[in-house]
Structures are given as structure tokens and as C-alpha cells.
Amino acid sequence: MEMNDGQGTTKATEMQSDNTLNHFFEEQLQAWPDAKQRFNDLKGVLLKAVTCAGIPFYVQCNPARLVSTSAKIDKAALAQRPCFLCEKNRPEVQTQIPIGNDFELLVNPFPILPMHFTIPAKMHQPQLIREHYDKMRQLLDRFEQLTVFYNGPKCGASAPDHMHLQAGMGSHLPVRDNWDMLYSNRQTLLVAQDGAELAALTNYACPAFAIIANNADTDAQLFETLYQALPQREDETEPMFNILKWRHNNVFITVVIPRDKHRPACYSAEGDAQMLISPGALDMGGLIITPRKEDFDRLDTPLLEALFKEVGMPQNTFEEVKQKVANP
């Protein structure tokens with residue numbers, strides 16, 4: 001028996017969509033030996049658990065991610081390289097699934113997750129989420145099992161000149177794995193008429209906000225409320241944040257993690273003080289990527305907690321934003 005979820009789709013339709021995604025993924029790996037090798041290599045990467053703010057986070061040693069971790073994103077560097085997300089510059093073997101009329105879903109050939117996708121806009125345009133926030137939900141309407149995430153232009157995006165999302169599944173992601181605990185300790189800031197909620201996550205490794213919504217319009221309205229309350233520097237094109245979004249039955253959960261810094265000081269330090277860690281959404285969600293073995297070995301609870309405190313939103317700013325949201 002098919003059950004309608006109230007969003008114009010059925011459970012049978014969702015299963016068919018997930019099967020379509022699995023088939024597309026497997027076809028791409030069969031046709032693309034380089035990508036297949038990196039996904040196979042991912043199965044053997046080192047992984048360890050490190051407690052951070054009372055939650056088991058995971059550190060992954062992934063040498064193939066060195067290119068992304070060390071990517072130069074200044075205007076001069078971006079101008080000198082062809083955009084790898086534009087269709088004309090992609091490998092011929094890389095195919096796509098259309099996502100509406102304006103985005104495409106691609107297999108990410110430098111994976112962090114066992115199934116890892118990049119979803120670029122068809123048109124070359126800056127990395128700005130405000131006008132495309134609903135695309136995250138559209139992906140989850142179609143592919144229910146995904147976690148969809150967004151890296152701001154100075155918050156982990158290695159192509160800040162081309163609007164894109166990422167998505168994946170098949171791995172531990174602590175912010176999602178520990179959602180029930182995080183939600184039970186939330187501070188509710190705003191409740192919409194339909195029961196949707198904008199809340200502060202007060203017991204995570206760094207300040208974070210959550211939107212819990214069923215209705216797409218309410219979801220977008222609560223995101224806009226939060227967006228307007230977040231600080232934006234004069235030289236930035238949007239507030240600094242990462243976003244992770246997933247679905248539980250008919251409820252869509254969005255975690256917005258504001259940022260104070262693009263990279264921690266250890267990234268540019270010299271000698272033994274250097275650690276090549278450039279946090280994006282997955283890192284901020286508790287899956288920390290270290291391309292170098294020495295950094296993987298060194299990361300422990302004090303270092304990890306200090307890193308999140310350094311790149312996350314300062315506590316006093318967190319309190320100011322909460323006040324703006326709760327008392328507009």
C-alpha cells in the first residue's frame with residue numbers, strides 16, 4: 001500500500017528515486033576508473049573517534065582531499081583556473097541527473113562519504129545560498145536518504161565562484177547521529193503557526209541553529225529570519241555559515257552553523273604547529289577531514305574543542321543573534 005506524505009510524493013516514489021540514485025552512482029563508477037579508485041580507497045582510510053563537547057566526533061585521514069583542503073580561493077587564483085564545476089570543463093565521462101531546470105547532480109570524484117555528490121548550478125554564478133535555499137529541500141523531496149550540505153564562499157567551498165551544494169550518505173555524521181539529544185536540549189526561539197520551529201542548539205561543539213519544519217514555505221521563512229539576524233562583514237557577500245539538512249519522514253531538519261573564521265590559525269602556522277584543517281560543513285557536522293597522517297594522529301579532544309571554538313561563532317555574538325530572532 002502506498003502512503004502519501006503530503007508533499008505530492010509517495011513512499012513507493014521515494015524508494016524508486018533512491019534506487020535511481022544508486023543506479024546512477026554505480027554506472028558512473030563503472031565508467032570512470034579514477035573516481036572508482038578514489039571511492040575504493042575511501043573504504044581503507046583511517047578513522048578514529050574523538051570526543052568533542054561530550055559527543056563522539058570522527059576524524060578521517062583522507063589524503064585525496066589535500067587538493068580541496070589546500071585550495072586557494074582568492075580572486076587571482078580563481079581567475080587563473082578553469083571552473084571545474086562548469087559543464088565545458090568537466091571530464092567527458094562525468095554525467096549528471098537534472099535537478100529542476102537550474103541544477104545538476106554529479107558524482108563527486110574526490111569523496112569524503114561512501115556516496116558523495118556535488119550539485120552545481122547550470123549557470124556560473126557566485127556561491128550564495130539565499131536564493132537557492134529551497135533547492136536543498138527539493139533534493140530531499142526526491143532523494144529521501146541524503147544529507148544535503150552547503151559550504152559558504154569562505155567556509156569550506158573550494159569553488160566559491162560557482163554556486164553548488166553537496167550531498168551524500170553512508171557515513172557517520174555526529175550532528176545527525178546525535179540529533180535527538182541535541183534537539184532535546186534546544187532553546188526554542190521562534191515557533192510558526194504550523195508548529196515549525198527555529199531553535200538554538202546550546203550543547204553542541206560550537207553555536208548552531210536549527211530549523212525543524214514540515215512545510216516548505218515556513219521552512220524558507222524561518223531561514224530568512226535567521227539569515228537577517230546573522231552578522232555580515234562589509235567585505236563578505238553573505239553571513240559566514242555552513243548548512244546541513246536532512247529529512248526524517250515528513251520533517252525537514254536544517255542545522256545552520258555560523259562561522260567566525262574560514263580556517264584556524266594552525267592552518268597557516270609553520271613547522272610543528274601547522275595542521276592542514278580547513279573546515280567545511282561535514283567537519284562542522286562532526287566528521288573532520290585531515291589529508292595528512294600527522295594531523296590525524298595529533299587531533300585529540302582539547303585540540304578539537306579549541307578548533308571549533310576558534311572557527312565557530314563567538315558566544316557573545318550567539319546570544320545577540322538569539323535575541324534578534326526571539327525579539328524581532
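Heavy-atom basis, side chains included; hydrogens, waters and symmetry copies ignored.
Of the inter-residue distances, the one linking L165 atom CG with I99 atom CD1 reads 10.0 Å to the nearest 0.5 angstrom. Summarising the geometry, atom OG1 belonging to T254 is positioned 9.5 Å from atom CG belonging to L222; distances are rounded to the nearest 0.5 Å. Annotation: the span from M169 atom CE to L113 atom CG amounts to 10.0 Å, rounded to 0.5 Å. Atom CD1 of I129 sits about 10.0 Å away from atom NE2 of H164, to the nearest 0.5 Å. Note that the CH2 atom of W246 and the CZ atom of R176 stand 7.0 Å from one another [nearest 0.5 Å]. With rounding to the nearest 0.5 Å, the separation of CZ in F308 from CG in L304 is 5.5 Å.
For the pair R90 and F84, the cation-pi criterion (under 6.0 Å, within 45° of the ring axis) is not fulfilled. Y58 does not carry K48 over the face of its six-membered ring by the limits of under 6.0 Å from the centre and within 45° of the normal.
At distances below 3.5 Å, not a single donor-acceptor pair connects side-chain atoms of R186 with backbone N or O atoms of L198. A donor-acceptor pair is defined here as one N or O able to donate and one able to accept, closer than 3.5 Å; such a pair exists between the side chain of N89 and the backbone of C83. For the pair Q232 (side chain) and E236 (backbone), a donor-acceptor distance under 3.5 Å is present. Between the side chain of R247 and the main chain of L140, a donor-acceptor pair closer than 3.5 Å is present. Under the 3.5 Å distance criterion, the side-chain polar atoms of D41 are left unmatched by any main-chain donor or acceptor of A64. Of the possible polar contacts, none joining the N151 side chain to the G280 backbone as a donor-acceptor pair under 3.5 Å is found. H23 places no side-chain N or O within donor-acceptor distance of the main-chain N or O of N19, the cut-off being under 3.5 Å.
Y204 pairs with exactly one of F57, F209, W179 by the ring pair (Phe, Tyr, Trp, His ring centres under 6.0 Å) rule, that one being F57. Shown are V45, L276, D283; of these, the side-chain contact (heavy atoms from CB on, under 4.5 Å) with I289 is made only by D283.
Looking at Q187 and T202, their side chains never bring a donor and an acceptor atom within 3.5 Å of each other. Under 3.5 Å, the side chains of D194 and N215 contain no donor-acceptor pair of N or O atoms. Between the side chains of H116 and Q166, a donor-acceptor pair is found at a separation under 3.5 Å. In this structure, a donor-acceptor pair under 3.5 Å is present between the side chains of Q315 and E319. Inspection of the E26 and N22 side chains reveals no N or O donor paired with an N or O acceptor under 3.5 Å. Between the side chains of K245 and Y133, at least one donor-acceptor pair of N or O atoms lies under 3.5 Å. Under the 3.5 Å distance criterion, with hydrogens and angles disregarded, a donor-acceptor pair is assigned to the side chains of H132 and Q125.
Using a 4.0 Å cut-off between charged nitrogen and carboxylate oxygen, K261 and E310 count as a salt-bridge pair.
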Checking Y267 against M275 for the side chain to side chain contact (heavy atoms under 4.5 Å, CB included) test, could you report, in this order, the C-alpha distance in whole Å, the side-chain angles of both residues, the deciding distance, and whether it holds?
CA-CA 5 Å; Y267 181 90; M275 296 197 348; over 6 Å; no

Kindly determine whether D219 and E224 satisfy side chain to side chain contact (heavy atoms under 4.5 Å, CB included), including the steps that lead there.
CA-CA 9 Å; D219 190 345; E224 180 63 21; over 6 Å; no

Stepwise, does the side chain to side chain contact (heavy atoms under 4.5 Å, CB included) test hold for L282 with F149?
CA-CA 8 Å; L282 292 180; F149 51 101; 3.7 Å; yes

With salt bridge (charged side-chain N to carboxylate O under 4.0 Å, His left out) as the criterion, how do D295 and R292 come out once you've worked through the C-alpha distance, each side chain's angles and the decisive distance to 0.1 Å?
CA-CA 6 Å; D295 300 333; R292 304 192 311 182; 3.0 Å; yes

When you look at F25 and F39, which way does the ring pair (Phe, Tyr, Trp, His ring centres under 6.0 Å) test go after all the steps?
CA-CA 11 Å; F25 179 75; F39 276 97; 5.0 Å; yes

Residues L105, L21; criterion side chain to side chain contact (heavy atoms under 4.5 Å, CB included); working and verdict:
CA-CA 10 Å; L105 183 142; L21 191 62; 3.8 Å; yes

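With sequence neighbours excluded, the residues that form a side-chain contact (heavy atoms from CB on, under 4.5 Å) with Q28 are F24, W32, Q94, T95, V107. For N316, the side chain to side chain donor-acceptor pair (under 3.5 Å) criterion is met by no residue, not counting sequence neighbours.
Within the structure, the side chain to side chain donor-acceptor pair (under 3.5 Å) test picks out no pair touching residues 298-309 (sequence neighbours left out).
The side-chain heavy atoms of L47 and V59, taken from C-beta on, include no pair separated by under 4.5 Å.
Note: the hydrophobic cluster containing I243 does not contain M240 (ILVMFWY, side chain heavy atoms under 4.5 Å, direct or indirect links). Linking ILVMFWY residues whenever their side-chain heavy atoms come closer than 4.5 Å, directly or via other members, places V251 and V255 in the same cluster. Linking Ile, Leu, Val, Met, Phe, Trp and Tyr residues whenever their side-chain heavy atoms come within less than 4.5 Å places F143 and Y150 in a single cluster.
Around atom CG of N101, no more than 12 heavy atoms belonging to other residues, nucleotides or ligands sit under 6.0 Å away. Around atom CG of D272, no more than 12 heavy atoms belonging to other residues, nucleotides or ligands sit under 6.0 Å away.
Nearest heavy-atom pair, V321 versus P231, reported as atom, atom and distance to 0.1 Å: CG2-CD, 3.9 Å. Of all heavy-atom pairs between P279 and L307, the closest is CG-CD2, 4.1 Å.
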